[in-house]
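Both counts, for ligands and for their atoms, begin at 1 and track the order of listing.
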Amino acid sequence: MKIGIIGLQGAVSEHLEAVRRAMRKLGVQGEAIWVRKPEQLEDVDGVIIPGGESTTIGKLMQRTGTLERVKQLAESRVPILGTCAGLIMLAKRGDEQVMRTGQPLLGLMNIAVVRNAFGRQRESFEVDLDIPLLGEEPFRCVFIRAPAVKEVWGDAEAIAKFQGKIVGVRQQNLIAVAFHPELTPDTRLHEHFLRMCQNAYGHRMSGGMHTICDR
Ligand code: GLN
């Protein structure tokens, strides 16, 4: 299995490490690669868009052609995980700040986001949240100038909330959180993502077989 981490700006090496730890935990053979160019996304089974500054990440993804490539991968059902700025990148709808900066978004998830939703006093904080998708144990969530989701529609659904705000969402092959799962030792979110990648790989393969058989 090969997971590409979009490595143009932000918390890249932490995700590389977290994916490797999660692979070891699950006993999955695979690698995590630092992606700077679209060619590196040729044969990946999953993509992670890290936290950082979504304005910068968006512009650099557009300039390098990785934006277009990730959109195509998502459309062919390759799983994508976005964390913090990565969640903003996945959204179909941004806020005034997104509009003002004209930052490019992938526009894949049926969600509307608010950047820096937790205000200046709470620039950065940690909290244990119940995320049933990841099991019974609460998950330690590190928020750093985090966004929030103010609306979900269609097939997008909330998977985590904090103080009435949605901070985690999923939609078919896409999953995004407003916090930084790569900054804690708990690899459950990365493990969940790797399982999504394994299942999607299985579906892509059997989908391909059906097309051949149907003919
Ligand atoms: N505040 C950043 C943004 O709006 C996101 C912060 C983060 O990724 N830690 O892009």
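- Within ligand 1, the atoms closer than 4.0 Å to a non-hydrogen atom of Ile88 are 3 (C), 4 (O), 10 (O), numbered from 1 in the order shown.
- Of all atoms in ligand 1, listed by their number and element, those nearer than 4.0 Å to a heavy atom of Arg115 are 3 (C), 4 (O), 10 (O).
- In terms of modelled atom types and a separation under 3.5 Å, the side chain of Asp45 and the main chain of Lys2 share a donor-acceptor contact.
- Contact atoms of ligand 1 toward Ser54: 3 (C), 4 (O), 10 (O) (distance under 4.0 Å to a heavy atom of the residue).
- Not a single donor-acceptor pair under 3.5 Å links the side chain of Arg115 to the backbone N or O of Gln97.
- For ligand 1, the atoms lying closer than 4.0 Å to a non-hydrogen atom of Gly51 are 8 (O).
- Of all protein heavy atoms, the one lying nearest to atom 1 (N) of ligand 1 is Asn116 OD1, 2.7 Å.
- In this structure, Phe162 and Phe118 have tilted ring planes: the angle between them lies in the 30° to 60° band.
- For Glu136, the CD atom is loosely surrounded, since the number of other residues' heavy atoms within 6.0 Å does not exceed 12.
- At a 4.0 Å heavy-atom cut-off, ligand 1 does not touch Thr83 at all.
- The closest approach between His180 and ligand 1 falls below 4.0 Å for a heavy atom of the residue.
- A donor-acceptor contact shorter than 3.5 Å is absent between the side chain of Asn110 and the backbone of Lys92.
- A distance-only check finds no donor-acceptor pair linking the side chain of Glu68 to the backbone of Gln62 [under 3.5 Å].
- In terms of protein heavy-atom proximity, atom 7 (C) of ligand 1 is nearest to Cys84 SG, 2.7 Å.
- Taking distance alone, with nitrogen or oxygen atoms compared against 3.5 Å, Pro147 stays at or beyond that limit from ligand 1.
- Side-chain N or O atoms of Arg188 include one that pairs as donor or acceptor with a backbone N or O of Glu137 at under 3.5 Å.
- In this structure, Gly52 is part of the shell of residues with a heavy atom less than 4.0 angstrom from ligand 1.
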